[in-house]
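What follows is a single structure, written as C-alpha cells, with notes after it.
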Amino acid sequence: MKIEKAKEILKNSKNVAVLTGAGISAESGIPTFRGEGGYWRNYRSEDLATPEAFSRDPQLVWSWYEMRRGVCLNAQPNPGHKIIAEMENYYPEFLVITQNVDGLHARAGNKKLLQIHGDIFTSRCTDCMTIEHFDEHPLSTNPPLCPSCGGLLRPHIVWFGEAYFPGMIDKCLNFLKSVDTICIIGTSGQVSVPVQLAEYAISQGAKSIEINPSTSTLTELVDIALQAPAGEILPKIWDK
Ligand code: OAD
C-alpha cells in the first residue's frame with residue numbers, strides 16, 4: 001500500500017529533490033557514519049571529523065581519510081544510486097542534495113548534485129586555500145602538502161563545528177522552495193542542517209517520502225516512511 005502511494009507521488013511530480021545520507025551507500029559497502037561502522041581504531045568518526053582533531057594530529061586524521069578513500073575507490077554505485085540517476089533524466093526539475101562525500105552519486109550519473117559536506121577526493125590548502133582534486137591513494141606523504149605553496153593540505157570537507165561552504169545552503173533552499181516532492185534517503189537526521197532543509201521543503205508544501213530501514217528524526221514528519229534498505233525499495237517504487 002505504502003509502495004503504491006509512493007509510486008503515485010513520484011508519478012505525479014515534476015520537480016523533485018532527493019536528500020541522501022550515509023545509508024544510500026551502505027549497500028555499496030561504505031560504512032555509515034554512526035552505528036557499528038562508525039569506528040576506526042577505537043576512534044569515533046565524530047571525534048576525527050573535526051578541525052580540533054586535525055590541528056592536534058593531522059597525520060592521524062589523514063590516515064583515517066586514506067582508509068576511507070580506499071573504501072570509496074573500491075565501492076561501486078548500488079541499485080539505489082542508479083535509480084536516483086534515472087530520476088534525474090526523467091524529471092524536468094531535479095536535484096540531489098547529499099551529505100555523502102564518497103562521490104557515488106556522480107559516478108552513478110547524477111549531475112544535478114550538491115555535495116553539501118564536500119568531497120573526499122578534493123583537498124584544500126590550509127595556507128593558500130587552493131582547492132584541488134586530490135585522489136592520491138595511498139598517500140605518498142602523510143600529511144600531504146600543497147604542490148603550490150608547501151602548506152598543509154586538508155580534506156575539503158565540512159567538519160563538525162564548521163560553517164557550510166558559502167552559498168551552498170542558499171542553493172539548496174532556492175531549489176527546495178518549490179519542489180513537489182522530497183525523497184529523504186538513508187539519513188539518521190542527527191545533523192541539523194540537512195534536517196532543516198527537509199523540514200523547509202515540507203513546510204513549503206512538498207510531499208515527502210523517507211526510505212530508511214530504521215526510524216530517523218524525520219520519520220514522524222514525512223507522508224510516507226518506507227522502512228527498508230534503499231537498494232531494495234527504490235527499484236520497487238520507481239516505475240517510470
Ligand atoms: P548516519 O550514519 O548518521 O545514518 C545513516 C542512516 O542510514 C541511518 O539512519 C541508517 O538507519 C540508514 N541506513 C542504513 N542502511 C541503509 C540502507 N541500506 N538504505 C537506507 N538507509 C540505510 O549518516 P548521516 O545521517 O548521513 O557529516 O549523517 C550525516 C552526517 O554525519 C555525515 O554526512 C557526516 C556526519 O556528520 C560530515 O562529515 C560533515
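Values below: every heavy atom of this structure, side chains too, minus hydrogens, waters and symmetry copies. Just so you know, ligand 1 is whichever comes first in the structure, and atom 1 is the first atom listed for that ligand.
- Of all protein heavy atoms, the one closest to atom 39 (C) of ligand 1 is V158 O, 2.6 Å.
- Put simply, CG on D223 and CD1 on I209 are 8.0 Å apart, with the number rounded to the nearest 0.5 Å.
- For Q204 (side chain) and L176 (main-chain N/O), no donor-acceptor pair under 3.5 Å exists by modelled atom type.
- For ligand 1, the atoms lying closer than 4.0 Å to a non-hydrogen atom of A26 are 15 (N).
- Annotation: H156 is in aromatic contact with F165 [ring centroid separation under 6.0 Å].
- Atom 11 (O) of ligand 1 has as its closest protein heavy atom N212 OD1, 2.7 Å.
- Short contacts between ligand 1 and E27, defined as distances under 4.0 Å to a heavy atom of the residue, involve ligand atoms 17 (C), 18 (N), 19 (N).
- Between W64 and Y43, the ring center distance fails the sub-6.0 Å criterion.
- For K5, the NZ atom is loosely surrounded, since the number of other residues' heavy atoms within 6.0 Å does not exceed 12.
- Classified by interplanar angle (parallel below 30°, tilted 30° to 60°, perpendicular above 60°), the ring pair H105/H81 is perpendicular.
- Looking from atom 28 (O) of ligand 1 to the surrounding protein, the closest heavy atom is R34 NH1, 3.1 Å.
- Close N/O approach between W159 and ligand 1 is not found [any backbone or side-chain N/O within under 3.5 Å].
- Taking every heavy atom of G21 and a limit of under 4.0 angstrom, the matching atoms of ligand 1 come to 26 (O).
- Residue P229 approaches ligand 1 through these ligand atoms, each under 4.0 Å from one of its heavy atoms: 17 (C), 18 (N), 19 (N).
- For the ligand labelled ligand 1, residue S216 lies outside the 4.0 Å heavy-atom shell.
- Not a single heavy atom of I185 sits closer than 4.0 Å to an atom of ligand 1.
- When hydrogens are left out, the protein atom nearest atom 29 (C) of ligand 1 is Q99 OE1, 2.9 Å; that is the closest non-hydrogen contact.
- For the residues H117, Q115, Q227, the heavy atom positioned nearest atom 37 (C) of ligand 1 is part of H117.
- Taking every heavy atom of A230 and a limit of under 4.0 angstrom, the matching atoms of ligand 1 come to 17 (C), 18 (N), 19 (N), 20 (C).
- For S63 and N142, the side-chain atoms include at least one donor-acceptor pair closer than 3.5 Å.
- Judged by distance alone, the side chain of K2 and the main-chain N or O of A225 form a donor-acceptor pair under 3.5 Å.
- Among protein heavy atoms, atom 38 (O) of ligand 1 sits closest to F33 CZ, 3.5 Å.
- Counting the atoms of ligand 1 from 1 in the order shown, those under 4.0 Å from a heavy atom of G186 are 5 (C), 6 (C), 7 (O), 20 (C), 21 (N).
- The shortest distance between side-chain heavy atoms of E132 and P147 falls below 4.5 Å.
- Counting protein heavy atoms only, atom 13 (N) of ligand 1 is closest to G23 CA, 3.6 Å.
- Among all protein heavy atoms, the one lying closest to atom 1 (P) of ligand 1 is S188 OG, 3.6 Å.
- A heavy-atom distance below 4.5 Å is found between the side chains of W62 and L153.
- Atoms of ligand 1 found under 4.0 Å from any heavy atom of V191 (numbered from 1 in listed order, with element): 29 (C), 30 (C), 31 (O), 36 (O).
- When each atom of ligand 1 is checked for a heavy atom of F160 under 4.0 Å away, the hits are 35 (C), 36 (O).
- The pair R34-E46 meets the salt-bridge criterion, with a side-chain N (NZ, NE, NH1 or NH2) lying under 4.0 Å from an Asp/Glu carboxylate O.
- Of the protein's non-hydrogen atoms, A22 CB, 3.4 Å is the one closest to atom 23 (O) of ligand 1.
- Looking at V158 and M168, their side chains never come closer than 4.5 Å, going by heavy atoms from C-beta outward.
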